[in-house]
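Accompanying notes for the structure given below.
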Amino acid sequence: MLYLAKSAFCVLDRRGESRGIDPCPMTVNLQFPNQRCEHAWEAYAGMERSGSRAEKLSTLDAFISELISGSPEGRRGFVESWCAAFLDGDAVSELSLGDGEWMRLPLFRSVFRQILETRRSEKRAGYARWSAQLHGLFSRPEGGYGQYELSAKALLREALQVDPADARARALLIEDILSDVEYDCHELPYGLLVKAEALLKDISEVEKLLSGTICEARSRSGLSALRHIAAGDWSDKVLNETFRLLDMRCQIATELLPNPHVAGS
């Protein structure tokens with residue numbers, strides 16, 4: 001049986017350093033196998049707010065040891081509740097892929113990675129997207145930091161294959177593709193930084209992802225302009241329509257999120 005409690009957690013930057021903690025730290029619902037594990041987490045969270053580096057590492061190691069000593073179901077419950085809280089819920093404050101902002105690497109490698117990969121291989125809903133959102137923390141056992149076989153985009157596509165109704169995966173994938181398109185087009189009218197065939201492939205994927213959504217009609221003229229760019233038409237009118245769409249990419253993705261008011265906060 002999993003023990004459910006509200007626990008404070010410190011928001012970290014991508015290097016694992018504190019970004020500055022509000023005097024009233026946010027709380028999230030996390031599942032712990034038992035009270036000992038919860039108390040170990042609270043001790044670690046307290047050190048993240050005010051402890052030295054040695055104290056942070058010591059209390060984090062103690063929490064990891066406590067969590068690993070429990071049952072596999074208990075570890076999975078903690079991972080699922082953490083992902084739901086920090087990657088799905090009210091703690092999500094921006095659309096970003098890569099290494100999560102709330103995760104220490106030892107915790108990820110010791111607990112999260114195996115559970116994410118195992119459950120993803122079992123085609124469990126949500127796991128491929130969570131892996132994409134934490135993509136920067138993955139690494140091959142024989143490789144360096146940040147090296148991983150699957151790209152974040154590939155994981156998001158996999159997430160939609162498992163659960164086509166995953167609106168957050170859809171929004172993240174659209175935003176990620178359009179970010180690449182923006183880079184490919186940012187030198188126009190002086191040059192396109194990608195082959196036309198690759199640009200057309202990205203356009204087709206975005207059109208498919210937007211089909212039937214509230215943003216489909218609004219995006220149509222911009223996507224049509226991108227097709228003109230792929231055909232070699234770099235006129236001012238086409239460029240204006242293109243960059244209008246690309247400037248809206250975060251807004252479009254935000255509106256497609258299941259909790260749009262959260263992502264825009």
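Note that this is a predicted model, so its numbers are computed, not measured. These values consider heavy atoms only, across backbone and side chains, with no hydrogens, waters or symmetry-generated copies.
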Do [X] and [Y] have side-chain N/O donor and acceptor atoms under 3.5 Å apart?
X	Y	result
Glu122	Thr118	no
Arg129	Gln133	yes
Arg170	Thr213	no

Under 3.5 Å: donor-acceptor pair, side chain of [X], backbone of [Y]:
X	Y	result
His135	Leu150	yes
Ser224	Arg220	no
Trp234	Ile229	yes
Arg75	Ile68	yes
Ser58	Ala54	no
Ser204	Lys201	no
Thr59	Lys56	yes
Glu55	Ser52	yes
Ser81	Phe78	yes

Any side-chain heavy atom of [X] within less than 4.5 Å of one from [Y]?
X	Y	value
Thr242	Leu188	no
Phe86	Met103	no
Leu256	Leu210	yes
Leu193	Cys185	no
Lys153	Asp180	yes
Phe108	Leu116	yes
Tyr127	Cys83	no

Between [X] and [Y], does any side-chain N to carboxylate O distance fall below 4.0 Å?
X	Y	result
Glu255	Arg218	yes
Glu241	Arg244	yes
Glu207	Arg227	yes

Option among Leu156, Leu257, Leu87 that satisfies the side-chain contact (heavy atoms from CB on, under 4.5 Å) test with Arg168:
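Per the side-chain contact (heavy atoms from CB on, under 4.5 Å) rule, the option paired with Arg168 is Leu257, out of Leu156, Leu257, Leu87.
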Is [Y] reachable from [X] through a run of I, L, V, M, F, W or Y residues, each pair having side-chain heavy atoms under 4.5 Å apart?
X	Y	answer
Leu105	Leu60	yes
Tyr44	Leu57	no
Met47	Leu107	no
Leu209	Leu200	yes
Leu246	Tyr190	no

Can you measure from [atom1] ([X]) to [atom2] ([Y]) and round to the nearest 0.5 angstrom?
X	Y	atom1	atom2	value
Glu182	Glu175	CD	CD	9.0 Å
Glu80	Glu73	CD	CD	11.0 Å
Ser151	Arg157	OG	CZ	6.0 Å
Glu66	Ile64	CD	CD1	12.0 Å
Arg104	Phe63	CZ	CZ	14.0 Å
Asn34	Ser69	CG	OG	7.0 Å

Check against side chain to side chain contact (heavy atoms under 4.5 Å, CB included), Ile252 and Leu245
CA-CA 9 Å; Ile252 289 170; Leu245 170 68; 3.8 Å; yes
Pair listing, salt bridge (Lys or Arg N to Asp or Glu O under 4.0 Å) test, anchored in residues 183-200, at least two apart:
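Not a single pair qualifies under salt bridge (Lys or Arg N to Asp or Glu O under 4.0 Å).
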Could you report the tightest heavy-atom contact between [X] and [Y], atom names first, then the distance?
X	Y	result
Leu239	Pro189	CD1-CB, 3.9 Å
Ala196	Ala230	CB-O, 3.3 Å
Leu67	Gly74	CD1-O, 4.4 Å
Ala128	Glu158	CB-OE2, 3.8 Å
Leu199	Leu226	CD2-O, 3.9 Å
Ala84	Trp130	N-CZ2, 4.2 Å

Neighbour count above 12 (heavy atom, 6.0 Å) for Gln114 CD:
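Counting neighbours around CD of Gln114, 12 or fewer heavy atoms of other residues, nucleotides or ligands fall under 6.0 Å, so no.
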Could I get the full list of ring pair (Phe, Tyr, Trp, His ring centres under 6.0 Å) partners for Tyr183, not counting sequence neighbours?
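Listed in chain order: His186.
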